[in-house]
Amino acid sequence: MNTLQGNTVTLRALEPEDLQFLFDTENDEAFWAVSHTQTPFSKFLLKQYLENAHLDIFEAKQLRLMIVENLNNQSVGMIDLFDFNPQHFRAGVGILVAKKYQKNGFASEALQLLINYSFTHLNLHQLYANITSDNTKSIALFQKHGFSQIGIKKDWIFTQGKFKDELLFQMINE
């Protein structure tokens, strides 16, 4: 599991004890616009999700990993591969670090670990990310790790009574 372990964080599979973290995070309305959520999640529904989290990425077409701080074994966020397409060797990337753990470099290290895992173990050719144009922190994070902006989806996200553009970033494994 060295590929998923960094200096300050480790990426690991979801566990039953992640229920409260998932509940708090998935029900934080600040994230709903980018996660395409419109209603709260119940603990019952999230518990069912955890029970099925063991499915292989080739079966589920997605992989969600917890970002765990190495120092105190505390979950600080989640990182996902979604729209996994083994035929075309690509997947989307989503990352979320809880507000109280931001600005510690956890997202940066987690993203680098996921990039390495994706290209080394899943043999992906490309990764992509969809980021709203006003999310300057995420834009900087993905650019820092070699993602390039390749497109703009105009008025793509409707939130808080207005439309936002969504930028498409891509990284190709040369």
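The first residue of the sequence shown is numbered 1, and numbering continues consecutively from there.
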Nearest non-hydrogen partners of L122 and F84, listed with the distance: CD1-CE1, 4.5 Å
Check: N173 side chain, Q126 main-chain N or O, donor-acceptor pair, under 3.5 Å: no
Close side-chain approach of V68 to V76, heavy-atom, < 4.5 Å: no
Heavy-atom nearest pair, F119 first then L124, reads CD2-O, 3.2 Å
Indicate yes or no: at least one non-hydrogen side-chain atom of L65 is less than 4.5 angstrom from one of L81. no
Is there a side-chain contact between F169 and I139 in this structure, where contact means two heavy atoms from C-beta onward sitting under 4.5 Å apart? yes
From CD (Q170) to CG (L127), nearest 0.5 Å: 9.5 Å
Under the 3.5 angstrom rule, does the side chain of N70 hit a backbone N or O of G6 as a donor-acceptor pair? yes
Going by side-chain heavy atoms closer than 4.5 Å, which hydrophobic residues are tied to F82, directly or by a chain of links? Y128, I150, L168
Using the side-chain contact (heavy atoms from CB on, under 4.5 Å) rule, take D18 and R12 through it: C-alpha gap first, then chi angles, then the decisive distance, then the call. CA-CA 11 Å; D18 296 322; R12 66 157 173 79; 2.8 Å; yes
Are the side chain of N135 and the backbone N or O of T132 linked by a donor-acceptor pair below 3.5 Å? no
Could you grab the distance from atom CG of N2 to atom OG1 of T10, nearest 0.5 Å is fine? 10.0 Å
Gap between atom OG of S118 and atom NE2 of H125 - 0.5 Å precision: 13.5 Å
Calculate, to the nearest 0.5 Å, the distance between atoms OG and CD belonging to S148 and Q143 respectively. 8.0 Å
So K137 and K103, do their side chains get closer than 4.5 Å, heavy atoms only? yes
Beyond-backbone contact of L11 with I67, side-chain heavy atoms, under 4.5 angstrom: yes
Any side-chain heavy-atom pair of L14 and R64 under 4.5 Å: yes
Would you find more than 12 non-hydrogen atoms of other residues, nucleotides or ligands less than 6.0 Å from K153 atom NZ? yes
Roughly how far, to the nearest 0.5 Å, is the CD atom of Q149 from the CD1 atom of I131? 9.0 Å
Show your working on side-chain contact (heavy atoms from CB on, under 4.5 Å) between D165 and D155 and close with a plain yes or no. CA-CA 5 Å; D165 294 346; D155 291 344; 3.8 Å; yes
Side chain proximity check, F142 to M171, heavy atoms < 4.5 angstrom: no
Which residue in the set L63, L96, I95, V97 passes side-chain contact (heavy atoms from CB on, under 4.5 Å) when paired with I79? I95
Give every donor-acceptor pair under 3.5 Å between a side-chain atom in residues 106-115 and any protein atom, sequence neighbours left out.
| residue | atom | partner | partner atom | Å |
| --- | --- | --- | --- | --- |
| S108 | OG | K144 | NZ | 3.1 |
| S108 | OG | H145 | NE2 | 2.8 |
| E109 | OE1 | T8 | N | 2.8 |
| E109 | OE1 | T8 | OG1 | 2.2 |
| E109 | OE1 | V9 | N | 3.1 |
| E109 | OE2 | N7 | N | 2.4 |
| E109 | OE2 | T8 | N | 3.4 |
| Q112 | OE1 | H145 | ND1 | 2.9 |
| Q112 | NE2 | N116 | OD1 | 3.0 |

